[in-house]
Amino acid sequence: MEALQTRQLVIDIPGRANGSPLDLTVEAGQTWGVLGPNGAGKTTLLHTLAGLRPPRQGEVRLGERSLSALRRRIVAQRLGLVFQDRQDGFPATVLETALIGRHPWLSPWQMEGGDDLALAEQALEALDVAHLSDRLVNTLSGGERQRVAIATILTQNPDIWLLDEPTNHLDLHHQVAVLRLLEDQAKSGKVVFMCLHDLNLAARWCDHLLLLFPNGEACWGPAEQMLMPSVLERLYNQKLITVEADGAPVFVPVRS
Ligand SMILES: Nc1ncnc2c1ncn2[C@@H]1O[C@H](COP(=O)(O)OP(=O)(O)OP(=O)(O)O)[C@@H](O)[C@H]1O
């Protein structure tokens, strides 16, 4: 099933040429990683896919429909976004924050019910932040906040997960725990589409990759076809050594 599609999509980065229009077909059950250097447009792409920024050209489609033709509430039910940076200025607790994930599913003045509460509590448990339920989010550490943000999307339970650097701020154990959770989501038929700075995590956990170059050029496809050392060196402007460990390629930057 084609869950997410882009047709001749050009993201709108001021002053940049159109580059390669994106014709992506992302199917249910797939895990995509978006790789590229700083400023390549990864965040802009995720925001465009979420309908938060208009594209310069082309369209995003959710299933059979154009994203721009769908009501915001329907989009919010089908698609969840974990932002790279969050302003948690609003004094909400961890549990209240997770419950925001239920809002797309409630009518305007409807309060969350027992089922919503149970979903939020399960999500906080899954992200190992249940013990922080009553804490204000603006008192949490960076990694704890990141896990609460992911728990909020788990509570939302969309078909399409868009994540901007989901492993940011996370220690090694929690990086793997989050990637396993995303793997389980994909196995259950969801789409996982995430920007990653860690090439090795992408090589290990993604089945498809999109490489975004700073000039707007792009290529995409099955991960094993995209993980070509010469292309990755050009992408990051960095010489790499490739080794294999635990069944996956590992890319190490050359020191000198
Ligand atoms: N409102 C804006 N006005 C001008 N330029 C912008 C605007 N928003 C983004 N840009 C530029 O668009 C480019 C892409 O930004 P974006 O945040 O999408 O990159 P990124 O690949 O996510 O980078 P990073 O790896 O650093 O997070 C950057 O050069 C950024 O400076």
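In listed order, ligands and their atoms are each counted from 1. We use all heavy atoms of the structure for the numbers below, so side chains are in, but hydrogens, waters and symmetry mates are not.
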Protein residue, atom and distance nearest to atom 27 (O) of ligand 1, heavy-atom basis: Q84 NE2, 3.4 Å

Contacting atoms of ligand 1, where contact means under 4.0 angstrom from a heavy atom of H197: 25 (O)

T31 side chain vs C206 backbone, donor-acceptor pair below 3.5 Å: no

R73 atom CZ, neighbour heavy-atom count above 12 within 6.0 Å: yes

E165 contact mode with ligand 1 (heavy-atom cut-off under 4.0 Å): neither

Distance from atom 16 (P) of ligand 1 to nearest protein heavy atom, with residue and atom: T44 OG1, 3.6 Å

Donor-acceptor pair between Q84 and N168 side chains, under 3.5 angstrom: no

Shortest protein heavy-atom distance from atom 26 (O) of ligand 1, along with the residue and atom involved: N38 ND2, 3.0 Å

Flag, side chain of T167 to backbone of L170, donor-acceptor distance under 3.5 Å: no

Taking atom 29 (O) of ligand 1 as the reference point, the nearest protein heavy atom with its distance: G39 O, 3.8 Å

Heavy atom of H47, distance to ligand 1 below 4.0 Å: no

Donor-acceptor under 3.5 Å (R71 side chain, I74 main chain): no

Minimum heavy-atom distance M226-L211, with the two atoms named: O-CD1, 4.0 Å

Ligand 1 N/O within reach of I13 N/O, cut-off under 3.5 Å: no

ring-ring contact (aromatic ring centres under 6.0 Å, His included) assessment of F193 paired with H208: CA-CA 9 Å; F193 193 95; H208 286 73; over 10 Å; no

Which residue and heavy atom of the protein sit nearest atom 17 (O) of ligand 1, plus the separation: T43 CB, 3.6 Å

For atom 10 (N) of ligand 1, the protein heavy atom that lies nearest, with its residue and separation: P14 CD, 4.5 Å

Test side-chain hydrogen bond (donor to acceptor under 3.5 Å, both in side chains) applied to N157 and Q185, K190, R102, Q77, the passing residue: K190

Selected option - heavy-atom contact closest to atom 20 (P) of ligand 1, from R16, K42, R53: K42

Protein non-hydrogen atom found under 4.0 Å from atom 1 (N) of ligand 1: no

Chi angles and distances behind the side-chain hydrogen bond (donor to acceptor under 3.5 Å, both in side chains) call for N215, R16: CA-CA 7 Å; N215 62 359; R16 192 165 87 175; over 6 Å; no

Any non-hydrogen protein atom less than 4.0 Å away from atom 31 (O) of ligand 1: no

G36 near ligand 1 by a heavy-atom separation under 4.0 Å: no

Evaluation steps, side-chain contact (heavy atoms from CB on, under 4.5 Å), between D116 and W105: CA-CA 9 Å; D116 301 309; W105 301 97; 5.6 Å; no

Polar atom proximity, A40 to ligand 1 (N or O, under 3.5 Å): yes

Atoms in ligand 1 flagged as close to P37, the criterion being non-hydrogen separation under 4.0 Å: 21 (O)

